Chemist: 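Dropping a structure here in structure tokens format, bear with me for questions.
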Amino acid sequence: MAEPKENLQMEKIVSLCKRRGFVFQSSEIYGGINGFWDYGPLGAELKRNVKELWWNAMTRQRDDVAGLEATIIMSPKIWEASGHVATFADLMRECPLTKKRVRADQVEPLSGVAYHFSGAKSGQIVNELNDQLMNEGASAAAKAVLVETMARLKDSEEALVAAATMLEASNDKVVAQWARNVFKQLADNKKSNHSFSYLLLQGKNPESARKAAREFYSQAGIEMPLLLDESTEKMENSTDYHPDSFVHLAEPRPFNLMFKTYVGPVESEDGIAYLRPETAQAIFAQFKNVLETSRQKVPFGIAQVGKAFRNEVTPRNFIFRSREFEQMELEFFIKPDEVIEAIHGSVASVSDSQLSTLNPQPNWGWRAWHQYWVEERVRFYEGIGLDRSTLGFHQQTPAELAHYARACTDILFKFPFSKKDENGNVAGDELEGIAARSDFDLSQHQRFSGKPMGVFDDELRAAWAKLPKEKQDDLWKRYYDNRKNYLTKCAKPDETAEQISRQATDDANGLAKGQYIPHVIEPSAGVDRLILALIANAYSEETKTDEKGKSETTVVMKFHPRVAPVKAGIFPLLKNKPELVKKAQEVRELLRPWMNVFYDEAGSIGRRYARQDEIGTPFCVTIDFDTLGEKPELLDTVTLRYRDDGRQERLKISELRDWLLARIR
RNA sequence: GCGGGUGUAGUUCAAUGGUAGAACGGCAGUUUUCCAAACUGCUCACGAGGGUUCGAUUCCCUUCACCCGCUCCA
């Protein structure tokens, strides 16, 4: 079993993090607090490096992204607009199939016949086994036995067993082997014991109950589910079923994932505020201000790094999911595809092979931008030592996507705790999601704040005027449909269809005037998860055996030099020789303004190397007697030792700084 | 949130109804000319609270934290 080994790996990482000062439990002296972690001296350096590299890559190294640092507590209206208050705050019951939530106290009573199922097992194997016998060179007699049992018994699994029992003793080797296979594979067959219940309204086809149940079990990972123990029960005015999906609701739970506090000295309802559950919304709320002051034009982005808070039901896996965490988010605003088409005649599509060489083009639509950002982000991870092979990708399915999102690609890292699928492959867990969020966010803030969030685009206005009428009509209609679709889905209870149509018409009419609401691509990364990924990725053990046969295992943290908390260790070969110590301290002072270095004179030289290996210091510099001129040609040179292979070379002190800088930047 | 498991130095582990021991680490010193050398000394723990008991780290209860599974989350 690989399971314990993986736990062991995590245990080793957690204990190293504590032992060497990367991560501590928050409030440890008081017994800790669930879901909160502190960064120790080395963890703080590591995290700072990561955030700085991200900030640099996203803002300073680009012309088209501006930075922002917003407050953690914001107007509660922001969270109403974003939908977080509605979905995060009340006692809710969730439909296990559609994941739609309803307020527990507002479930509509329904009457009908409830169809209960106690669970399901996979029918995939049943089909495969059936096909196996029917397609292979089995005798007609054997096939006939199977056909007969299948016809006789309702449960196809039972039928297979019955057939296999009869054919087990067959002289035909293929058939006998098949029978043994049946027993073995059915014993391993995947099963779900979750019960499922569906309320069938009067006059509806019972098949819709079974269809819903099969869908539910498929989602739970049972392929081609065979339903178990169907039973029915008459229901009068039951409030346990979802009014749209008719599926039995899960128990009521508080979905108040936002931390609540009070602004002002009096704890009154008026003063309620929330700690932000994501950093993104501040970017949307400040979109106009940034646009005006940064002199940017769409397409452009706003980047932010900062803390976010979620009252997670179950924080797990060390710092992977905690209640206070840090995000690095970019909101990259782009023109809607209709606008691109109006200006450029068509929307460019980009193949994956082109991405690596292509710079962003003015005629890119949302798909190209989405691909571009996925690629950019992967390159960022590669640049800090996470090889492509350690990453995974997940394209969210339509069912997983938020209703406003058009696509979302998750970048995953294969953590030691990541689960294996049936084939033994590790998909990984999410480091970052890159979502194409349409114009949902800005639209919501426009509606809730009453302030226009659209932009004006000269190029669009000029291009629109030159378009033939039918092209204008075509684009107008598509833009109108998108707007109407959004407005309908997000309608407030008092909004009429007529109002919605009128608003969508206004929005689409804006195109001719050069106005539109930008769409957004959102690469959103978790800092703490990334730190854990870097630590897990860097962790390696080396076992050395000396001449006496005594073997010793040492830990080497193979951080990329860019993220390593300490860039260089600086040692005098011996501490009882004042000239060596003095020279070593000079070297420390030389490097200190440029990078984080660590001076160490305690213990043997080997011990000091080992200590640096364990915290992932990529280079060590040793001042020895040659530095002092014992061999005149080596005067003012030092030993430079590499962490990953112990290799050593001689370097002039005068070249040391630039040599190191070239490798840590 | 439910179920199971675990809490002893910084780490990994012992022992015990009569107040805790090792290894490694850390610190100081002697020594040491390149990969955790050796020697000496020192430092550091029964997660918290309550109960039973003459006495609890040990038994019981509560609580907190961590790990695993489900759930949740993305």
Side-chain angles (χ1 to χ4, degrees), chain A residues 3-4 6-8 10-12 14-21 24-37 40 87-88 92 94 96 99 192-194 220 250-255 257 277-278 310-318 320-323 325 327 394 396 400-402 405 408 410-412 417 419 429-433 435 524-526 529 542 544 546-548 550 552-556 569 571-577 580 602-614 620-628 630 638-643 645-648:
Chain A
E3 204 74 18
E6 285 153 7
N7 299 340
L8 193 65
M10 273 311 289
E11 274 171 35
K12 284 176 175 176
V14 173
S15 110
L16 176 95
C17 280
K18 174 155 195 210
R19 182 156 41 90
R20 289 275 123 150
F24 306 129
Q25 205 177 5
S26 170
S27 320
E28 200 196 59
I29 58 167
Y30 291 103
I33 173 165
N34 187 314
F36 296 88
W37 300 91
T87 54
F88 272 41
M92 308 284 279
E94 193 176 62
K99 308 288 180 207
S192 168
N193 293 322
H194 284 272
E251 289 308 300
R253 318 168 55 92
F255 278 86
L257 260 53
E278 60 174 42
R310 287 185 203 172
N311 219 339
E312 296 286 354
V313 178
T314 316
R316 273 285 167 91
N317 292 327
F318 199 32
F320 182 79
R321 175 177 295 122
S322 48
R323 292 188 162 127
F325 59 103
Q327 292 184 306
H394 175 67
Q396 289 196 1
E400 293 172 298
L401 283 173
C408 186
D410 292 335
I411 300 178
L412 317 172
F417 54 77
K419 302 239 160 47
D429 285 280
E430 188 188 333
L431 278 185
E432 169 160 357
S524 165
R529 299 175 165 199
E542 275 165 27
K544 294 176 212 159
D546 63 15
E547 310 87 54
K548 294 169 211 149
K550 195 178 113 189
E552 206 169 31
T553 301
T554 63
V555 173
V556 182
F571 317 138
L573 186 57
L574 298 174
K575 79 164 166 184
N576 59 356
K577 298 284 183 289
L580 288 177
S604 72
I605 192 74
R607 174 179 295 269
R608 283 176 273 165
Y609 285 146
R611 279 198 278 244
Q612 294 305 312
D613 285 348
E614 209 181 23
C620 288
V621 172
T622 302
I623 283 72
D624 56 23
F625 293 95
D626 287 335
T627 313
L628 302 175
E630 193 167 276
V638 292
T639 301
L640 187 121
R641 181 253 190 194
Y642 291 84
R643 171 194 65 202
D645 51 15
R647 200 154 40 95
Q648 297 194 344

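Below, chains carry the letters A, B, ... as their sequence lines are ordered, and counting in each starts from 1. Note that this is a predicted model, so its numbers are computed, not measured.
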Chemist: Are A/Arg529 and A/Glu432 close enough that some pair of their side-chain heavy atoms sits under 4.5 Å apart?
Modeler: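 No, their side chains stay 4.5 Å or more apart.
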Chemist: Take the protein atom CG of A/Asp624 and the nucleotide atom C1' of B/U32, then report the distance between them rounded to whole Å.
Modeler: 15 Å
Chemist: Contact class for A/Asp626 (heavy atom, under 4.0 Å): base, sugar-phosphate, or nothing?
Modeler: nothing
Chemist: Reckon A/Lys18 has a side-chain N or O less than 4.0 Å from the OP1 or OP2 of B/U11?
Modeler: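 The answer is yes; a side-chain N or O of A/Lys18 sits under 4.0 Å from OP1 or OP2.
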Chemist: Base contacts versus sugar-phosphate-only contacts with protein, heavy atoms under 4.0 Å: please encode nucleotides 24-29 of chain B as B, S and - from 5' to 3'.
Modeler: -SSS-S
Chemist: N/O contacts under 3.5 Å, protein versus nucleotides 61-64 of chain B?
Modeler:
unit_1	atom_1	unit_2	atom_2	d
B/C64	O2'	A/Gly31	O	3.2

Chemist: Considering only atom C1', compute the distance from B/G51 to B/U57 and round it to an integer number of Å.
Modeler: 16 Å
Chemist: Just to be sure I understand the rule, does A/Glu312 reach a base, reach only the sugar-phosphate, or reach nothing, if contact means heavy atoms closer than 4.0 Å?
Modeler: sugar-phosphate
Chemist: For A/Phe325, does its backbone N or O pair with a side-chain atom of A/Ser322 as donor and acceptor, under 3.5 Å?
Modeler: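 No: the side chain of A/Ser322 does not pair with the backbone of A/Phe325.
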Chemist: Quick one: label A/Glu630 by what it contacts on the DNA or RNA (base, sugar-phosphate, nothing), any heavy atom closer than 4.0 Å.
Modeler: base
Chemist: Please measure how far the P atom in B/G17 lies from the corresponding atom in B/C13, and state the result in whole Å.
Modeler: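 It comes out at 22 Å once rounded to the nearest Å.
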Chemist: Find which nucleotide of RNA chain B each of A/Arg321 and A/Asn317 is nearest to by heavy atoms, and output the residue with the more 5' nucleotide.
Modeler: A/Asn317
Chemist: What is the distance, rounded to the nearest whole Å, between atom CG of A/Leu16 and atom C1' of B/U11?
Modeler: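 Distance, rounded to whole Å: 10 Å.
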Chemist: Given pairs defined as Watson-Crick or G-U wobble with both distances under 3.5 Å, what dot-bracket annotation applies to RNA chain B, with ( ) intrastrand, [ ] crossing, | other strand and . unpaired?
Modeler: (((((((..((((....[..)))).(((((.......)))))....(((((..]....))))))))))))....
Chemist: Rounded to whole angstrom, note down the P distance from B/G1 over to B/U12.
Modeler: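 Each nucleotide's P atom is 27 Å from the other's.
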Chemist: Classify the side chain of A/Thr314 and the base of B/C73 as holding, or not holding, a donor-acceptor pair under 3.5 Å.
Modeler: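 No.
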Chemist: Please give the distance between the C1' atoms of B/C72 and B/U6 as a whole number of Å.
Modeler: 23 Å
Chemist: Students often get this wrong, so: under 4.0 angstrom with heavy atoms, is A/Ser15 touching a base, only sugar-phosphate, or nothing?
Modeler: sugar-phosphate
Chemist: Report the residue (A/Arg529 or A/Thr622) whose heavy-atom-nearest nucleotide on RNA chain B is the more 5′ of the two.
Modeler: A/Thr622
Chemist: Would a 4.5 Å heavy-atom cut-off, applied to side chains only, mark A/Asp613 and A/Thr554 as touching?
Modeler: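 No. Closest side-chain heavy atoms not under 4.5 Å.
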Chemist: Output the rounded distance in Å from CZ (A/Arg316) to C1' (B/C68).
Modeler: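 To the nearest whole Å, that distance equals 7 Å.
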Chemist: Which is it for B/U57, anti or syn, if anything within 90° of zero counts as syn?
Modeler: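 Glycosidic conformation of B/U57: anti.
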Chemist: Quick check for you: to the nearest 0.5 Å, what is the distance between A/Arg643 atom CZ and A/Glu614 atom CD?
Modeler: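 The CD atom of A/Glu614 is 13.0 Å from CZ of A/Arg643, to the nearest 0.5 Å.
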Chemist: Atom CD of A/Glu614 and atom P of B/C35: how far apart are they, to the nearest Å?
Modeler: 19 Å
Chemist: For A/Asp624 and A/Asp626, indicate whether the former's side chain and the latter's backbone hold a donor-acceptor pair under 3.5 Å.
Modeler: yes
Chemist: Please report the distance, rounded to the nearest Å, between CZ in A/Phe24 and C1' in B/A65.
Modeler: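 So the CZ-C1' distance, A/Phe24 to B/A65, works out to 17 Å.
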Chemist: Can you tell me the distance, in whole Å, between the CD1 atom of A/Ile29 and the P atom of B/G10?
Modeler: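 The answer, rounded to whole Å, is 13 Å.
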Chemist: Measure from the ring center of A/Phe417 to the ring center of A/Phe318 and say whether it is less than 6.0 Å.
Modeler: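 When the ring centroids of A/Phe417 and A/Phe318 are compared, they turn out to be at least 6.0 Å apart.
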Chemist: Do you know the tightest heavy-atom contact between A/Ile33 and A/Ser27?
Modeler: CG2-OG, 3.6 Å
Chemist: May I have the distance from A/Lys12 (atom NZ) to B/U12 (atom P), rounded to whole angstrom?
Modeler: 12 Å
Chemist: In whole angstrom, what separates A/Phe571's CZ from B/U32's P?
Modeler: 20 Å
Chemist: Could you give the distance separating B/U32 and B/G5 at their C1' atoms, to the nearest angstrom?
Modeler: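 One C1' to the other, the span is 48 Å.
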Chemist: Would you call A/Glu28-A/Lys18 a salt bridge at under 4.0 Å N-O?
Modeler: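 Salt bridge: yes.
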Chemist: If you look at every strand shown and take non-hydrogen atoms under 4.0 Å, does A/Gly433 touch a base, only sugar-phosphate, or nothing?
Modeler: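 Result for A/Gly433 = nothing.
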Chemist: Roughly how far, to the nearest 0.5 Å, is the CG atom of A/Leu574 from the OG atom of A/Ser604?
Modeler: 10.5 Å
Chemist: Under 4.0 Å between any heavy atoms, over every strand shown, what does A/Phe318 touch: base, sugar-phosphate, or nothing? Just pick one.
Modeler: sugar-phosphate
Chemist: Which whole number of Å gives the distance between the P atom of B/A37 and that of B/C70?
Modeler: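 Their P atoms lie roughly 45 Å apart.
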Chemist: Taking atom types as they are modelled, would you say the side chain of A/Arg641 forms a donor-acceptor pair with the base of B/C35 within the 3.5 Å cutoff?
Modeler: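 When only heavy-atom distances are counted, A/Arg641 does reach the base of B/C35 through a donor-acceptor pair under 3.5 Å.
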Chemist: Would the distance check show the side chain of A/Arg608 and the main-chain N or O of A/Leu573 forming a donor-acceptor pair, the cut-off being under 3.5 Å?
Modeler: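 Yes; at least one donor-acceptor contact below 3.5 Å.
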Chemist: Using the C1' atom on both, measure B/U8 against B/U58 and round to a whole Å.
Modeler: 11 Å
Chemist: Could you state the interatomic distance from CG (A/Asn34) to CD (A/Glu312), rounded to the nearest 0.5 Å?
Modeler: 11.0 Å
Chemist: Under 3.5 Å, side chain of A/Arg310 to main-chain N/O of A/Pro277, donor-acceptor pair present?
Modeler: yes
Chemist: Categorize A/Gln25 for me: base, sugar-phosphate, or nothing, with a 4.0 angstrom heavy-atom threshold over every strand shown.
Modeler: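 The answer is sugar-phosphate, as A/Gln25 gets under 4.0 Å only of primed atoms, P, OP1 or OP2.
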Chemist: To the nearest 0.5 angstrom, please state how far the CZ atom of A/Arg321 sits from the CZ atom of A/Arg316.
Modeler: 9.5 Å
Chemist: Do A/Thr627 and A/Val638 have side chains that get closer than 4.5 Å, going by heavy atoms?
Modeler: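 Result yes, sub-4.5 Å side-chain heavy-atom pair found.
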